[in-house]
Amino acid sequence: MDLCTILPSSFASRNPQISGYLICHSLFRLELGAKTNAAIEPLPPKDEKGPQNRTKKNYYLCPYIFPMCGMNLAFDRDLIGPAMYFGLMGDGQPIGRYDDMWAGWCTKVICDHLGLGVKTGLPYIWHSKASNPFVNLKKEYKGIFWQEEIIPFFQSVNLSKECTTVQHCYIELAKQVKDKLSQVDPYFTKLADAMVTWIEAWDELNPSGDDSAKPTNGTAK
């Protein structure tokens, strides 16, 4: 069964007029981009293994978002590292198992803004573990409902031209999360604050002089 058919909103376009877009350069690489959730885990995977399939890749056009999986993930730390924050999930939080998808959505809109590319494909390393879909559903069920608000939000994200680094983009994105998603649940207020804290920690642990004098991570659109 085609995952795109099951989860159309997860593969949504951020702009219905895509004829003017070109395939992005593959500077930022994801080796496994399509994540399943508890609702479809019991379904048999299609074309899941085989070295003959490992070369198949999907190049995501600039306006598209997708459900990133954190397994078999590779990315250029210097280009996009500050955006790779997996969010507040798990114990003590109202949602789980959406952390990597949240990171993927945030990262993708920033990549689009800075002119960086994304590609996905079947994993080079096969990962399989016992996973109870009913337990997973308990962790995910709020996210399944919230996704109906989250996806349109990321479809409509517009970062200002002043955002020329990943850090600047992420801080502005955090402000938009607080402004537009906090009405969905107070969790998103906490998440937005955590996003800012993440960037502050990143800059503290990765000192590189005056940020204002740094070259841009990419070319802002």
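Residue numbers run from 1 in the order of the sequence given.
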V109 and L159 have their tightest heavy-atom pair at O-CD1, 4.4 Å
### Test item: Q147 and Y98 side chains (from C-beta on) under 4.5 Å apart, heavy atoms
yes
The reported gap from CH2 in W198 to CG in L88 (rounded to nearest 0.5 angstrom) is 11.5 Å
Original post:
Looking only at atom types and distance, does a side-chain atom of S182 sit under 3.5 Å from a main-chain N or O of D179, one as donor and one as acceptor?
Top reply: no
**Study point:** Heavy-atom donor-acceptor pair, E172 side chain to E162 backbone, under 3.5 Å
**Key:** no
Rounding to 0.5 Å, atoms CD1 (I144) and NZ (K142) come to a distance of 13.0 Å
message: Looking at H113 and S160, would you say the former's side chain and the latter's main chain have a donor-acceptor pair under 3.5 Å?
response: yes
- Electrostatic pair D193:K178 at N-O distance under 4.0 angstrom: yes
Test item: Q167 side-chain N/O and D203 main-chain N/O as donor-acceptor pair under 3.5 Å: no
When rounded to the nearest 0.5 Å, the distance separating CG of L173 from CZ of F153 is 5.0 Å
**Message:** When you measure from the side chain of D100 to the backbone of G70, do you find a donor-acceptor pair of N or O atoms at a distance under 3.5 Å?
**Reply:** yes
T197 meets the side chain to side chain donor-acceptor pair (under 3.5 Å) criterion, sequence neighbours left out, with none
Between Q176 and N158, the two heavy atoms sitting closest are NE2-O, 3.2 Å
Test ring-ring contact (aromatic ring centres under 6.0 Å, His included), reference W102, set Y85, W146, F154, F86, output is F154
* With a 4.5 Å heavy-atom cut-off, do D76 and L116 have their side chains touching? -> no
To the nearest 0.5 Å, atom CG of L73 lies from atom OG1 of T107 at 8.5 Å
Only residue of P82, C163, C106 satisfying side chain to side chain contact (heavy atoms under 4.5 Å, CB included) with Y170 is C106
When every non-hydrogen atom of A192 is compared with those of V177, the smallest separation belongs to CB-CG1, 4.1 Å
For E140 and G96 the tightest heavy-atom approach is CG-O, 3.8 Å
Rounding to 0.5 Å, atoms CE (M84) and CZ (F75) come to a distance of 4.5 Å
Evaluate the side-chain proximity of M101 to M68: yes if any heavy-atom separation is below 4.5 Å, no if none is. no
| More than 12 heavy atoms of other groups within 6.0 Å of Y141 OH | no
Would you call Q93 and K190 a side-chain contact if the rule is heavy atoms closer than 4.5 Å? yes
Do F188 and Q183 have side-chain heavy atoms sitting under 4.5 Å apart?
no
Residues at least two apart in sequence or cross-chain that pass side-chain contact (heavy atoms from CB on, under 4.5 Å) with N206, listed by chain then number, are R77, W202
On a heavy-atom basis, the closest approach of L181 and E149 is CD2-O, 4.1 Å
Here the gap from T165 atom OG1 to I110 atom CD1, rounded to the nearest 0.5 Å, amounts to 9.0 Å
Q.
I'd like to check I95 versus K139 (side-chain heavy atoms, cut-off strictly below 4.5 Å). Are they in contact?
A. no
